[in-house]
Each structure stands twice: as C-alpha cells, then as structure tokens.
Amino acid sequence: MRYSKFIGRSLREVPKEAEALSHRLLLKAGYIDPLMAGVYTFLPLGWRVMRKIEEVIREEMEGIGGQEILMPTLQKKEQWLESGRWDGPGEIDPPLFKFKDRRDRELALGPTHEEIVTDLARRFISSYKDLPLAVFQIQNKFRNEMRPTGGVLRTREFLMKDLYSFHANEEDIDRYYREVIKAYERIFSRCGLKVLVVSAHSGTIGGSESHEFMLPATAGEDRAVYCEHCDFASNLQKSGELKNCPNCGQTIFTTAAIEMAHIFKLGTTYSEKMQAYFVGPDGSRHPLVMGCYGIGLARIMAAAIESKAGHDERGIIWPKELTPFDVHLVSLAGGEDVAETLYGAMEKSGLETLYDDRDEPAGVKLTDADLIGIPVRVLVSKKSLEAGGVEVSSRS
RNA sequence: CGGGGAUUAGCGCAGUGGUAGCGCGCUCGCUUUGGGAGCGAGAGGUCGGCAGUUCGACUCUGCCAUCCCCGACCA
C-alpha cells in the first residue's frame, strides 16, 4: 500500500492524553484513533496488526479442535436472568450496557458469551457421544467499565477471542484445560511475548479454577508473584504478599503485569442454572462440564509494544508475526523510479509492502519508518543506486 | 463512584471584560532532498454547552457535558 494515500499518517505531536507508552506510539504512528473514552478506531496499520493477531489465535484454536462460530453482540434479557447475572446480587461486574428496542424489550450488548453458548449447547449437545466439544469466536465485547485506561489496554469495546469447551466429566476438562494452556503459551510466544501463567480469582465469571496469562510490564494494572526456581506463579490478589515460595521455599518476586488472557474451569455452574444436560452411557442426565477461555486482541497489540523488545527510543519494533507489513519500502531523492518498479514487483510476488512514496525529506521518511516499526526496510535512493542497488536493513 | 487536572483551528499550545493568536500540519508556487528543510502566498474558529452578571463575555459566576490521571473492577 502507498503511504501517501493512507488514512492515519504519523503525527508530529501526540495528543497529550496519552501517557502509556503503547498508547503514545500507537497514536503517533497512526495505528489507532480515539472516538470516546475507551473506544477506538483501528486505522489501516492498526487493523492489519489486529488481523495478524487474529490469525495466530485462529490457527492455535483450530489446532486444539476449536470450531469457529460468531455469536451475536445483541443479547436478550431472558438468558441473563437464567444465569442470574442480569441484576441483583449476582450481577456481572462491570455491569451490562443495557437498552430497549422499539418494542420496549430490554436488551444488552454482550460482554462475554457464557449465556449464549450454554443455550446453544443445551440445544445441540444431547449425548456423551457429542463430547468433548469446543467452539470459539473472535468478536467485539462491550463492558461498562468504570474507567478505561492505557489507550487500547482497557477499553469499553474490544475484540476478544472467547473459547468455550464442554465435557462429560472433570477428568476430561482437566485434560483440555492443559491443552488450552499450551496453545495459549504458543500464541504468546509467537507474538513475541514472555508471559507468566498465574493462578487467579475467577470473579463474576465463576467456576472452580482459573489462570491468567500475565506479561510483566510497567504499564500493567495487575501485580503477579512468581518463583524463579519452580513454576509457582500467582496473581498477587489471590496469593497475598509472599516472601517465600510455597512450593520450594525460594525467594518470591513481584512484578507489575498486564493481564493478557484469563481462562476458567466453569464446572457445571452455567449448565445447571440453564439446564444444559447430556445423556451419559448409563442413560441418565448429567450437567455439562464447561470451560471458558478469553484473550484480548488489542491487549496483545499494546503489550507487544510495551514489552522490552517491542520498542526503543525511536518507536515500535514489531515481532515478525504481528508486523502490519513484511517490508517498508522507502524511496529517497533519485530513487523514485526504481522504487516504483520495485514496489510493483514486490506486490506481485506477494510481499506485503508499505511503500512510502511521499515527496518528503529523508529525515521525515526515515523517522516515520522507525516509528512505524516494520522489521525490514528497503531504501532506494540516488546514493544506494550509485552503490549498486538498494539498502536492506532490519529495524531491531 | 471518590479525589485531582483539563476543554481555544486537524494536533500541540498562548491569550485579553471591547468579538482571537503562535508552532506543526494542510493548499498553491519556487527552491530543496541520507535523519522531522527554506522562502513567498493562502485556507481553516458558532473559543465544549446552557444560563446569569455586564453597554459588551472567549475572559467573571453557576450548572451541565466531555476527556485525562490516581483509587476499586477486567481481556
């Protein structure tokens, strides 16, 4: 794509509201644009990164047998009354965005899909022979947060991958839960993120056991404790302050962290409330054993930048899997014609190319290239041509 | 929801009780071109909203809205 035609080119000055590093860089480089508190447009660069993240997640979810579906954003009150999360003591937190349609019927925007998916399950799953079953979607969620923070780190509308699994018994969900953890570890490692898997509270989602995937980062709102000698790690909220590892007695470390993902063993909480049963080999009815597993896509985008390898003083440095384009082609004075030809050839060969064809001084184009953070740069100029060709360099 | 800060051109900011300016960006022309270029000429504003005080309000007062930061919650 030609940078001269982009909607959302880089900014000389960053809006002062941005404090978090990833927020500043995403705004300055033209990846996102704010609409209101906690609501953003993803501009071409930002959306391409989101699609890359989506692809990594999709591959890994399909790799563990997840079937992709798309459930509605508009949800009806009745199902939320069934689960007890519409209002009252069991009300979901943050609360639902609720409103009425033209017939005065109460609706909500979905913040998560346990109700919808459990309803699907009770109608489509009837026998133990149908189990296990896992479905996932990548869909916009709406949460009426008290306070959105850190740009795209915590928003009121956000793209989330949510996976739901259904099992005949505890042993089977234990097995699948471990598979999901491995798939998540692959997702984060492919996105260049070194995360801690910590045990956590399950909040208003409910269930018996839950884990969070935390990225140590100063912008994080959470705190995690972990042991460097064994695999003990926990959300500080759950473990409380610790000096020594409860497993091996070694010193415990504490770090600020971004919650990247959260997974839950829901057990039969929802299936019992919503009467989602299956018939076992013995011919009697049992409630489905459920798990749910969520990842915030924009958080991965922001976290990749917040991580140590994701930026330097000049701008963003994308990992290969997330970069919005494979190559950043930059023409400088005297290199325009060759750059045009090269651009055509690169596009034709299937290389995703961002072509900075603007008539701008070298300083502007090079500074923007550093800011945008595409890992490979190809420079064509009079100087490079005199030296026999083009310059290829790596952002890191 | 509690506390703090803010709202003037696309972005960053000045400013005064007498009807608004700077830098960047944008448009046109010329010059320039290896690290955010130069000169010249332009376009762009109901000064967040509603009341009030006043001969006169962007400026003073009140209410409201919106945004940011800190706290409790989340992917």
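Below, chain A is the first sequence line, B the second, and so on; all start at residue 1.
- The two residues Tyr128(A) and Gly280(A) come nearest to each other via the heavy atoms CD2-C, 3.5 Å.
- Donor-acceptor pairing under 3.5 Å, judged by distance alone, is present between the side chain of Lys28(A) and the base of G36(B).
- Nucleic acid contact for Leu297(A): none, since no nucleic acid atom lies under 4.0 Å from a heavy atom of the residue.
- Residue-to-nucleotide contacts include a donor-acceptor pair under 3.5 Å from the side chain of Glu13(A) to the base of G23(B).
- Where Leu385(A) and Val152(A) each meet RNA chain B at their nearest nucleotide, the meeting point lying more 5' is that of Leu385(A).
- For Glu221(A), counting side-chain heavy atoms from C-beta on, the closest listed nucleotide (G25(B), C74(B), U33(B)) is C74(B).
- A donor and an acceptor atom sit less than 3.5 Å apart, one in the side chain of Asp222(A) and one in the base of C74(B).
- A gap of 40 Å separates the C1' atoms of U31(B) and U46(B), to the nearest Å.
- Side-chain contact, Tyr177(A) with His167(A): no donor N or O sits under 3.5 Å from an acceptor N or O.
- Pairing of U61(B), defined by two Watson-Crick or G-U wobble distances under 3.5 Å, is identified with A51(B).
- Side-chain contact check for Ser83(A) and Glu114(A): no donor-acceptor pair (N or O, by modelled atom type) lies under 3.5 Å.
- Glu272(A) and Thr268(A) share a side-chain donor-acceptor pair at under 3.5 Å.
- Using a 4.0 Å cut-off, some side-chain N or O of Arg12(A) falls inside it from OP1 or OP2 of G25(B).
- Using a 4.0 Å heavy-atom criterion, one finds that Gly296(A) contacts the bases of the nucleic acid, with or without backbone contacts as well.
- Here Glu145(A) lies in heavy-atom contact (under 4.0 Å) with a base.
- Here Glu212(A) lies out of heavy-atom contact (under 4.0 Å) with every strand.
- Taking every side-chain heavy atom of Val364(A) into account, A37(B) is the closest of A75(B), A37(B), C67(B).
- When the P atom of C74(B) is taken as reference, atom CG of Asn144(A) falls 15 Å away, rounded to whole Å.
- Heavy-atom neighbours of Lys98(A) NZ from other residues, nucleotides or ligands within 6.0 Å: above the threshold of 12.
- Nucleotide U66(B) holds its P atom 13 Å from the CG atom of Leu35(A), rounded to whole Å.
- Within the nucleic acid shown, Met146(A) comes within 4.0 Å of at least one base atom, counting heavy atoms only.
- Asp370(A) comes within 4.0 angstrom of a nucleotide base, judged by non-hydrogen atoms across all strands.
- The distance from atom CD1 of Ile57(A) to atom P of A75(B) is 14 Å, rounded to the nearest whole Å.
- Among the nucleotides A75(B), G25(B), C73(B), the one closest to any side-chain atom of Arg299(A) is A75(B).
- Relative ring orientation between Phe142(A) and Phe97(A) is described as perpendicular, the plane-to-plane angle rising above 60° on a 0-90° scale split at 30° and 60°.
- Listed nucleotides: U33(B), G35(B), C26(B). Nearest to the side chain of Ala333(A): U33(B).
- Pairing for U46(B) is absent, judged as Watson-Crick or G-U wobble with the two contacts each under 3.5 Å.
- Nucleic acid contact class of Arg377(A) (heavy atoms, under 4.0 Å, all strands): base.
- Of the P atoms belonging to G18(B) and G56(B), the separation is 14 Å, rounded to the nearest Å.
- Within 4.0 Å (heavy atoms only), Thr155(A) reaches at least one base atom of the nucleic acid.
- Searching all strands for a Watson-Crick or G-U wobble partner of C39(B) with both distances below 3.5 Å returns G29(B).
- The aromatic rings of His23(A) and Tyr40(A) stand perpendicular to each other, their planes meeting at an angle above 60°, with 30° marking the opposite boundary.
- With a 4.5 Å cut-off on side-chain heavy atoms, Val289(A) and Ser271(A) do not count as touching.
- At distances below 3.5 Å, at least one donor-acceptor pair connects side-chain atoms of Lys365(A) with backbone N or O atoms of Ser331(A).
- When rounded to the nearest whole Å, the span between CZ of Arg9(A) and C1' of G10(B) equals 12 Å.
- Rounded to a whole Å, the CG atom of Leu215(A) is 13 Å from the C1' atom of A75(B).
- Nucleotides G62(B) and C70(B), compared at atom C1', are 28 Å apart to the nearest Å.
- Atom C1' of A14(B) sits at a distance of 24 Å from the matching atom of G49(B), rounded to the whole Å.
- The distance from atom CG of Asp368(A) to atom C1' of A37(B) is 15 Å, rounded to the nearest whole Å.
- Separating the C1' atom of U8(B) from that of U19(B) is a span of 14 Å, rounded to the nearest Å.
- Per the geometry, CZ belonging to Phe158(A) stands 7 Å off C1' belonging to C74(B), to the nearest Å.
- Under the 90° criterion around 0 for the glycosidic angle, U19(B) counts as syn.
- With hydrogens and angles ignored, no donor-acceptor pair under 3.5 angstrom links the side chain of Arg147(A) to the base of C68(B).
- Residue order along RNA chain B, read from the 5' end via each residue's closest nucleotide, puts Ala37(A) first among Pro94(A) and Ala37(A).
- The partner of A14(B), taking Watson-Crick or G-U wobble pairs whose two distances both stay under 3.5 Å, does not exist in any strand shown.
- Spacing between C11(B) and G45(B) at atom C1', rounded to whole Å, works out to 15 Å.
- Between Gln237(A) and the phosphate of A72(B), there is no side-chain N or O to OP1/OP2 separation shorter than 4.0 Å.
- Regarding Arg314(A), its CZ atom lies at a distance of 13 Å from the P atom of G36(B), rounded to whole Å.
- For Glu259(A), the listed nucleotide lying nearest its side chain is A75(B); candidates were A75(B), C73(B), G25(B).
- With both ends at atom C1', the span from C13(B) to A6(B) equals 13 Å, rounded to whole Å.
- Spacing of P atoms, G44(B) relative to G21(B), comes out at 14 Å, to the nearest Å.
- The partner of A9(B) is absent, by the rule that a Watson-Crick or G-U pair needs both atom distances under 3.5 Å.
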